[in-house]
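What's counted below: heavy atoms across the whole structure, side chains too, no hydrogens, waters or symmetry copies. Read the numbers this way: they start at 1 and go in the same order the structure lists the ligands and their atoms. Index from 1, following the sequence. Keep in mind the model is a prediction, meaning the values are calculated, not measured.
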Amino acid sequence: MSADRQSGAFNLDPQTVSNREQAEKAVQDLRRRIRYHNHRYYVLDAPVISDEEYDRLFQDLQYLEERFPELASPTSPTQQVGGKPREELGLVRHPSPMLSLKAVYSQDEVRDFDATCRRELGRDQVEYVAEPKYDGLAVELIYEESGLVSASTRGDGTTGEDILANVKTIREVPLELMALEEVPLPSRLVVRGEIYMRKDEFNDLNQRRGESGLSLFANPRNAAAGSVRQLDPRITAARPLHIFVYEIAEVRVLTLTEQWQALQNLRAWGLKINSSRQRFCSGIEEALRFYDRLAGEREDLPYEIDGMVVKVNSLQGQQKLGVRQRDPRWALACKFPARQETTRIQKVEVQVGRLGTLTPVAVLDPVKIGGVEVQRASLHNLNQVETKDIRIGDTVIVERAGDVIPYVLKPVLEKRTGSEKKFNMPERCPVCGEQVVVSQDHTSTRCPNLDCPAQVRERIVHYASKPAMDIEGLAGRTTDQLMRAGLIRRIPDLYSLRREELLRLERFADKAANNLLQGIESSKKKSLERFLYALGIPHIGRHLARVLATSFPDLKAVMAASRESLQAVREIGPEVAGSLTLFFSNEQNRRVIEELLQAGLRLDNPLYRVKGRTRPLEGRTFVFTGQLSRWTRAEARQRVEDLGGRTAGSVSNSTDYLVAGPGAGSKLKQGRDLGITVLNEDEFAELIGSG
Ligand code: IVH
């Protein structure tokens, strides 16, 4: 059965909806379909339609909600992109306390726990449910009449912070419960779970933050917590966050008897549980075996876990065992050994990144942490070094979490001898000697010299890397060699490299030279998506590069986009929009791009296809001047509006495109003065898909 039939297609072109009644029907239908596809994509990880088809549904819904504002709903899928910023996070009182867990580190203690449960419940064997202990941020979600009405942090266990607006941006959190199976929907449901960031996403995020001179998050948990506690939900929306729900704290009106059954119900209502890593255990030994398995898988899991939680399966049993102080007596955290070790800082080195960020790195007495030898650990930035008072020669605790770069947690003050030395950031860039710029709060130190060889090297290596322009034969070592020989100083220099020059270099035989030149030549045919990533714009990783290429027809349009039109794109928040406009307004960057285009880069953009019903020109304003040969002015305006764009009579700062035909006069001069993208008729035709 096709997905659309399953979700009940309602085939009405939103553009033809004329009255409220029709609109209401269409809106409800679209919401139902989008919810269904959200769940397939985000919760089940099994989409059944293409991104394009999904985007079309989404845009149709946005369109109708804009045209009929009275149909707005706080639980509409369109509300999943982040609302307005707030002054501060409010407080929410939990309907019942959010408890903590007793933590143990040995099998004996786990067996003791089991013995207590068996004794108190008067049974030979007790059933348990085991699952990972996630290292994220505990949250409580409340659904009323199926709609999400509250989301809060754990706080002190009694009262937490109101994070509803932020949690609504997490795609794995349904804004409305679904009836996927025969389980009736509860009229009120209070659930708890853990919000987390995946390790790879955390590393990407930190890399981008470092590159833009922002302070780094120490680990995925801090990153998730920091993202969820934002005052501006649009910032949360741009962060990759996930959830696993693991507990029902209250349900009206359904009789639950087992924890295992509770989990299956959560799934049936469209909530994300971690099915593949949950075990029903008929006794404690099974749970211990599962612990071993989790411990073995720990490094390979995409998210951080720090142990296993076992819970008594029978809810009656849980009631009977009750709570001692703040910990339930029916659950236990079986923790993994800590991945922290103590060692000494020999010295501190300073690395210079692609965007000039200076990062202090501690060189350590080598130490094994969780089976991996660690010799260097990040100190993040000067602010961290100062607030933690980390000194050279200090004995320190180093933590290594998953794939995350090891970092210095804190110094062991009792081990100080007095011979430790304070670390100072160098006043000059260790690579080019330029005076560095330190931010007021000391969280970032940067070398402002765009031509700093360290930056140039990293930029070139990034540009040539596989997911970027994929230039074979241009790894770090070759880049170093080419730079040392003075053959490249900037990215565009790559495109004027000559064979003879290369052959003169050491270890550069015919084959290597051919490979490199061939690689450079084929990079000219790479897509816009790759190029946007390759430019190394702060915050623009592979995913956002793709989002941009999907939303804009070509490089010109991306470069000309205003902050507002960028923010109109799903997944692009103020941080990213600001970063893009800043990058493209920089004279030096514009020159590099200009030269690359001159060199023959084509930057095809197959991701962007103009379709009658999509709104590719959404958020963009056009002004016409001069004569057009293919259309009358009115027709051209109509075309723009049909595609979601706006037209205006005069040029202003909010104009995105000036379409100029022969005979254009003062408007053209005005547009040029304001730096607005000017299109001739052919370019305009191409933009609107009639070229
Ligand atoms: S169940 C009665 N299950 O651990 C407590 N908690 O130390 C019910 N946690 O604040 C909690 N993974 O944030 C449970 N699979 C899991 C968990 C889990 C992580 C956290 C949770 C809680 C803390 C308690």
- [ ] Quick one: list whatever passes ring-ring contact (aromatic ring centres under 6.0 Å, His included) with Phe336, sequence neighbours left out.
- [x]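 Expected list: Tyr291.
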TODO: For His94, enumerate each residue passing the ring-ring contact (aromatic ring centres under 6.0 Å, His included) test, keeping only those at least two apart in sequence or located in another chain.
DONE: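 Once residues adjacent in sequence are excluded, His94 has no partner under the ring-ring contact (aromatic ring centres under 6.0 Å, His included) criterion.
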TODO: Kindly indicate, with the supporting measurements, whether the criterion side chain to side chain contact (heavy atoms under 4.5 Å, CB included) is fulfilled by Trp260 and Gln264.
DONE: CA-CA 7 Å; Trp260 189 253; Gln264 309 320 313; 3.3 Å; yes
- [ ] Considering only NZ, NE, NH1 and NH2 on the basic side and carboxylate oxygens on the acidic side, decide whether Arg33 and Glu53 come within less than 4.0 Å.
- [x]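 No, this pair does not count.
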TODO: Write out the protein residues near ligand 1, meaning a non-hydrogen atom under 4.0 Å from one of its atoms, in order of chain and number.
DONE: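 Within 4.0 Å of ligand 1, protein side: Leu99, Ser100, Leu101, Glu131, Pro132, Lys133, Tyr134, Ala138, Arg154, Glu194, Tyr246, Glu247, Val309, Lys311, Pro328, Trp330.
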Task: All side-chain contact (heavy atoms from CB on, under 4.5 Å) counterparts of Ala238, not counting sequence neighbours - done: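 Listed in chain order: nothing, the list is empty.
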- [ ] Answer yes if the ring centres of Tyr196 and Phe244 are under 6.0 angstrom apart, and no otherwise.
- [x]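 When the ring centroids of Tyr196 and Phe244 are compared, they turn out to be within the sub-6.0 Å range.
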